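Convention: sequence-line order gives letters A, B, ...; per-chain numbering from 1. Keep in mind that this is a model prediction, so the values were computed, not measured.
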There are 2 protein chains.
Amino acid sequence: MKSSAHETIKSKGYKLTHQRQLILSILEGSQTHLDAEALFLLAKRRDPKISLATVYRSLSTFKKIGLIQEQGFGEDHGHFETVSNKPHFHFTCSQCGQVTELRSKKIIRLIKELCQEEDLKMESMDLLIQGLCPVCQEKKSTSTTS
Amino acid sequence: MKSSAHETIKSKGYKLTHQRQLILSILEGSQTHLDAEALFLLAKRRDPKISLATVYRSLSTFKKIGLIQEQGFGEDHGHFETVSNKPHFHFTCSQCGQVTELRSKKIIRLIKELCQEEDLKMESMDLLIQGLCPVCQEKKSTSTTS
DNA sequence: ATGAAAATGCGAATTATTCTCAATTATATT
DNA sequence: AATATAATTGAGAATAATTCGCATTTTCAT
Ligand SMILES: [Mn+2]
Ligand SMILES: [Mn+2]
Ligand SMILES: [Zn+2]
Ligand SMILES: [Zn+2]
């Protein structure tokens with residue numbers, strides 16, 4: 001029951017390079033949803049020679065073998081998180097951009113049922129909700145209530 | 001109770017140019033989820049002088065005033081649809097790329113409840129499911145069952 | 001009809017991501 | 001441990017979607 005991610009990489013026929021290990025460990029250790037650039041900057045602190053292209057290639061590989069997932073968040077670039085986390089949804093605040101994770105076993109079950117009814121074989125789901133976080137709701141009502 | 005989209009454009013202080021009317025009418029008449037390039041090609045058939053930049057600018061404006069919504073579909077470019085359609089979800093086949101629309105009043109209600117519980121004010125939601133459509137499931141099982 | 005402000009067309013610029021290719025590295029084999 | 005081979009990397013060029021800059025045109029209130 002050790003580092004199964006490393007096993008997955010090798011079992012899929014990919015080499016366990018130290019760049020891949022580094023990138024993966026950053027993703028696993030991060031609580032936030034990193035984008036490629038942020039990940040690259042963090043990686044460079046431990047390996048100043050690492051290339052942005054390698055970050056993108058690793059992300060692509062990890063995604064292909066199911067170690068990570070990419071999130072859109074309605075921006076012009078992706079964000080990444082490990083798949084180990086239980087399935088969840090994302091809420092992004094349209095004002096401050098903060099990302100909140102939401103969970104609901106019930107909703108997930110209903111989505112699966114919906115797919116079965118339509119004879120669709122689900123491989124992944126992504127629910128993104130946009131709106132105002134509690135803090136920004138407060139700000140807005142304060143400035144409006146003159 | 002007439003063309004409320006035109007009214008919306010003017011009421012928000014935007015000018016009702018014939019380019020905007022054209023782009024909007026194409027979006028309203030389309031059954032598919034057009035991307036900017038496809039929309040541009042269709043628009044050029046009726047106005048050969050129209051610019052791709054104008055298409056992007058119009059899409060951006062329409063999105064801002066709530067006339068249309070942009071969908072990610074996990075690609076490197078957006079797809080667009082009018083908001084008039086009842087809220088719905090999207091399923092894209094990872095094999096053939098086909099997009100299917102799904103509806104579930106129940107799921108929408110549960111999502112709204114989930115947001116209320118967390119004190120989040122929802123402005124929009126996007127549920128994207130990826131998987132295999134019935135046709136591609138069939139193809140896969142046929143080729144596998146030697 | 002006139003004028004001011006907004007919008008357009010066109011090409012250049014920008015940004016995220018991918019590609020090319022020579023040099024390096026991981027792994028299997030000796 | 002040394003070698004061979006194929007995969008991977010770094011660096012920068014290339015690409016693709018989208019945005020910008022600006023001169024010209026159009027909308028719309030007067
Ligand atoms: Mn971001
Ligand atoms: Mn597309
Ligand atoms: Zn997440
Ligand atoms: Zn749709």
Report summary line: Atom CG of B:L22 and atom P of D:dT26 are separated, to the nearest Å, by 15 Å

**Report entry** Atom-to-atom span, CD of A:Q21 to C1' of C:dT25 - whole angstrom
**Finding:** 13 Å

Requested in this report: Specify the separation, in whole Å, of atom NE2 of B:H77 and atom C1' of C:dT15.
Outcome: 17 Å

Report summary line: Against the side chain of A:K10, the closest entry in D:dT18, C:dT27, C:dA16 is C:dT27

Query - Given C:dT17, D:dT9, C:dG9, the nucleotide with the shortest approach to the side chain of A:L52 - result: C:dT17

Query raised in the report: More 5' along DNA chain D: A:P48 or A:R20, using each one's nearest nucleotide?
Result: A:R20

**Report entry** Closest nucleotide among D:dT9, D:dT18, C:dG9 to the B:D47 side chain
**Finding:** C:dG9

Query raised in the report: With sugar-phosphate meaning primed atoms plus P, OP1 and OP2, does A:E37 contact a base, only sugar-phosphate, or nothing at under 4.0 Å between heavy atoms?
Result: nothing

Report task. Check the distance between D:dA14's C1' and A:Y56's OH and give it to me in whole angstrom. Result -> 15 Å

Requested in this report: Could you please name the option among D:dT18, C:dA7, D:dC28 that lies closest to any side-chain atom of B:L16?
Outcome: D:dC28

Query - Atom-to-atom span, CD1 of A:I50 to P of C:dT24 - whole angstrom - result: 17 Å

**Report entry** Within residues 26-49 of chain A or reaching into it, pairs that qualify as ring pair (Phe, Tyr, Trp, His ring centres under 6.0 Å) - sequence neighbours excluded
**Finding:** A:H33-A:F73, A:H33-A:H90

**Report entry** N/O (side chain, B:T17) to phosphate O (OP1/OP2, C:dT8) under 4.0 Å
**Finding:** yes

Requested in this report: Could you state the atom-to-atom distance from CZ of A:F40 to P of C:dT15 in whole Å?
Outcome: 16 Å

Query raised in the report: Where each residue is assigned the nucleotide of DNA chain C containing its nearest heavy atom, which of A:G78 and B:S51 is assigned the position nearer the 5′ end?
Result: B:S51

Query raised in the report: In whole angstrom, what separates A:L24's CG from D:dT8's C1'?
Result: 16 Å

Requested in this report: Considering only NZ, NE, NH1 and NH2 on the basic side and carboxylate oxygens on the acidic side, decide whether B:E138 and B:K140 come within less than 4.0 Å.
Outcome: no

Query raised in the report: Taking atom types as modelled and ignoring hydrogens, do the side chains of A:S51 and A:R57 form a donor-acceptor contact shorter than 3.5 angstrom?
Result: no

Report task. Give the nucleotide from the list D:dT18, D:dA11, C:dT8 with an atom nearest to the side chain of B:Q19. Result -> C:dT8

Query raised in the report: From the list D:dC28, C:dT8, D:dG10, which nucleotide is the closest neighbour of the side chain of A:R57?
Result: D:dG10

Query raised in the report: Going by the salt bridge (Lys or Arg N to Asp or Glu O under 4.0 Å) test, which pairs reach into residues 58-83 of chain A, not counting sequence neighbours?
Result: A:K63-A:E70

**Report entry** Sub-4.5 Å side-chain heavy-atom contact between A:L67 and A:T82
**Finding:** no

Query raised in the report: In terms of side-chain heavy atoms of A:K15, which of C:dA16, C:dA26, C:dG9 is nearest?
Result: C:dA26

Report summary line: A:L39 CG to C:dT17 C1', in whole Å, measures 14 Å

**Report entry** A:D76, nearest nucleotide to its side chain (from D:dT27, C:dT15, C:dC19)
**Finding:** C:dT15

